Amino acid sequence: MDDTEKRDTIAKVTDRLAARYPDAPRSRVARVVAEEYESLDASRIPTYIPTLVEHGAKNRLKREFGTAPGQFLSLDLPNV
């Protein structure tokens, strides 16, 4: 990906995750997204980078700030 695509991807993912995690400072969300992008930047299949970046960043934000509003924790409860 070129620099323009990289910036666009980071901005779009940051926007989506900042909306999902309103308690997280936007600067923190942007930093997490950028770090996730950098970890995948050398990937051989760049098509999946935006999806993988969002997934990784969402997992990190969930651990740091809890479940996003409107989402529920999934509990593995036995069927009774």
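Predicted model only: the values in this text are computed from it and were never measured.
By the 4.5 Å heavy-atom criterion applied to side chains, Pro22 and Phe65 are not counted as neighbours. Between Arg28 and Tyr21 there is no side-chain heavy-atom pair separated by less than 4.5 Å.
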*Could you walk me through whether Asp41 and Lys6 pass the side chain to side chain contact (heavy atoms under 4.5 Å, CB included) test, one step at a time?*
CA-CA 9 Å; Asp41 198 23; Lys6 177 180 175 178; 4.3 Å; yes
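Closest approach of Pro50 to Pro46, counting heavy atoms only: CD-O, 3.8 Å. Nearest heavy atoms, Ala57 versus Leu17: CB-CD1, 3.5 Å. Shortest non-hydrogen contact noted between Ala34 and Ile10 is CA-CD1, 4.2 Å.
Note that CD of Glu54 and CG of Asn59 are 10.5 Å apart. Values are rounded to the nearest 0.5 Å. With rounding to the nearest 0.5 Å, the separation of CD1 in Ile49 from CD in Glu5 is 9.5 Å. Atom CZ of residue Arg60 and atom CD of residue Glu35 lie 4.5 Å apart, to the nearest 0.5 angstrom. To the nearest 0.5 Å, atoms CD (Glu36) and CD (Glu38) are separated by 11.0 Å. With rounding to the nearest 0.5 angstrom, the CD atom of Glu64 is 11.5 Å from the CG atom of Asp23. Going from atom CG of Leu40 over to atom CD1 of Ile45 covers 12.0 Å, rounded to the nearest 0.5 Å.
Look at Arg26 and Asp15 and you find a salt bridge, because one of the NZ, NE, NH1 or NH2 atoms lies within 4.0 Å of a carboxylate O, short of that distance.
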